[in-house]
Amino acid sequence: MWAMVQREHGADGLRWTEVAAPVPAAGEVVVDVSHCGLNHLDLWLKQGGTGDTLSLPRIPGADVTGRVARVGADVTTVRVGDPVVLYPGSSCGACAECAEGVESACPRFQVMGYQFDGGYAQQVLTDHRNAVVLPDGADRRWAGVPVSYVTAWNALVTKSGLTERDTVVIWGATGGLGNAALRIAEGVGAHAIAIVGSENKAAWLRDHGFDGTTIVRSDRVAKDVRAACPGRGASVVLDHVGASTWMSSMKMLAPRGRLAFCGVTSGYEAVTDLRHVFGKQLSIHGSWMGNRHDLAEVVAFLRDRPQALPVIDREFPLVEAAAAQAHMESGDHLAKNLLTIV
């Protein structure tokens, strides 16, 4: 089969390559990839990671949809021909965390397309438990779901317990993760406040159906958010930015607020005024992606709310994966970008 393989770090390291087609062992399935969403993980792989030990060559791509092509022995959860979306993680299956269904906390947890081969390919191999069957007629938007929606769901719903009674603030609400969080918050019925980087992005949110409060980021963003909250601040803040937003997130939260934290795109070293943590009795919930049950819950959630599926910015053929990454890296995109494989 053919794949785009990251053979070495750097912009020129992603190359169109013929590789051996996967063969399923017991408990595994091979999926014919139809679409693969792009994520910042793809850029980190290209750049050399964030301090992780990364082995190259590697086929990138963590967001995968397609149809089951082959199944190994003892597979009964899916059948050949089933449309599926894949949970983009791998764990040992034997530790206490795996036994509790918290695969993302497994000491051997790895992410598809980053630490093992992913979806920039005509086919991908996965554990049968990672393949969640999609409803009939599922469209390309599902390829924007796995990483963004699983991460947002784990942070907001599983860990922070988001309900319709909450006021939730979402940083970067036009990006892949931020927009997933916004759509989940709306679907849950929470009062959502979207933070964006420009008036153009605020207009984009309105054009795509968001009629809640939108705040353009500025030096006074924490004050603007508190002024927009019905109480003494937000009950939940979803922060996936990191160092540059950390203290603003603390300041936005009301007493007993929950900080759902799941990203460090602006850096991982932040100064913390600890008075906010104990004085307001804040809870901080760290999320590194999510677990299989999060994806199953997300699929059920979106099956009933197709309007909450991600907006697709652009599609690129697989052979143009480098151009797709450059488009994402430029910051000119909104929402999700996809590679089309078949």
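- The two residues L134 and V299 make their nearest non-hydrogen contact at CD2-CG1, 4.4 Å.
- Counting only heavy atoms from C-beta outward, the side chains of L45 and L56 approach each other to under 4.5 Å.
- Aromatic ring pairs are classed by plane angle as parallel below 30°, tilted from 30° to 60° and perpendicular above 60°; the pair F109 and W288 is perpendicular.
- Judged purely by atom type and a 3.5 angstrom limit, Y87 uses its side chain to pair as donor or acceptor with the backbone of G290.
- Here the rule is side chain to side chain contact (heavy atoms under 4.5 Å, CB included) with P107, and of C98, S91, C95 only C95 fits it.
- Within the 4.5 Å cutoff, side-chain heavy atoms of C229 are placed close to those of I193.
- Across all non-hydrogen atoms, the minimal contact from G61 to C36 is CA-SG, 3.6 Å.
- Remark: R303 CZ is packed, more than 12 non-hydrogen atoms of other residues, nucleotides or ligands lying under 6.0 Å away.
- Under a cut-off of 6.0 angstrom, the local environment of CG in D219 is sparse, with at most 12 non-hydrogen atoms contributed by other residues, nucleotides or ligands.
- Of the N and O atoms on the side chains of H208 and N179, not one donor lies less than 3.5 Å from an acceptor on the other residue.
- Hydrophobic clustering of Ile, Leu, Val, Met, Phe, Trp and Tyr side chains at less than 4.5 Å, counting indirect connections, keeps L338 apart from V124.
- Of the candidates T167, T163, V168, V168 is the only one forming a side chain to side chain contact (heavy atoms under 4.5 Å, CB included) with V236.
- A heavy-atom distance below 4.5 Å is not found between the side chains of V80 and R70.
- Side-chain contact between R258 and H285 is present, with heavy atoms from C-beta onward closer than 4.5 Å.
- Linking Ile, Leu, Val, Met, Phe, Trp and Tyr residues whenever their side-chain heavy atoms come within less than 4.5 Å places V298 and V188 in a single cluster.
- When only modelled atom types and interatomic distance are considered, T17 and W2 share no side-chain donor-acceptor pair under 3.5 Å.
- For N39 (side chain) and L41 (main-chain N/O), no donor-acceptor pair under 3.5 Å exists by modelled atom type.
- A distance of 4.5 Å separates CG of D294 from CG of N154, quoted to the nearest 0.5 Å.
- Side-chain contact between Q325 and L43 is present, with at least one heavy-atom pair separated by less than 4.5 Å.
- Within a 6.0 Å sphere centred on CG of D12, other residues, nucleotides and ligands contribute 12 heavy atoms or fewer.
- A donor-acceptor contact closer than 3.5 angstrom is absent between the side chains of S90 and Q110.
- Of all heavy-atom pairs between A62 and V147, the closest is CB-CG2, 3.6 Å.
- A donor-acceptor pair under 3.5 Å is absent between the side-chain atoms of S160 and the main chain of V157, judged by distance alone.
- Remark: the backbone N or O of W171 is paired with a side-chain donor or acceptor of H240 at under 3.5 angstrom.
- In this structure, V5 is a member of the same hydrophobic cluster as L339, with clusters built from ILVMFWY side-chain heavy atoms closer than 4.5 Å.
- I312 and Y120 fall into different hydrophobic clusters, where Ile, Leu, Val, Met, Phe, Trp and Tyr are joined by side-chain heavy atoms under 4.5 Å apart, directly or via other members.
- Side-chain atoms of E329 and Q47 form a donor-acceptor pair, as typed in the model, at a separation below 3.5 Å.
- Closest approach of G144 to Y149, counting heavy atoms only: O-CD1, 3.9 Å.
- Checked by atom type and distance alone, the side chain of E28 pairs as donor or acceptor with a backbone atom of A25 at under 3.5 Å.
- The minimum heavy-atom distance linking G101 with N291 is given by the pair O-CB, 3.4 Å.
- Here the CZ atom belonging to R129 is positioned 14.0 Å from the CG atom belonging to L295, to the nearest 0.5 angstrom.
- We find that E8 and K46 are not joined by a salt bridge, their nearest charged nitrogen and carboxylate oxygen being 4.0 Å or further apart.
- Salt-bridge check for D63 with K336: passed, with a basic side-chain N closer than 4.0 Å to an acidic carboxylate O.
- Minimum interatomic distance between A143 and H35 (heavy atoms only, all atoms of both residues): CB-CB, 3.5 Å.
- To the nearest 0.5 Å, the span separating CG on L259 from CG on D239 amounts to 6.0 Å.
- With no hydrogens or angles considered, no side-chain donor-acceptor pair links R217 and S248 at under 3.5 Å.
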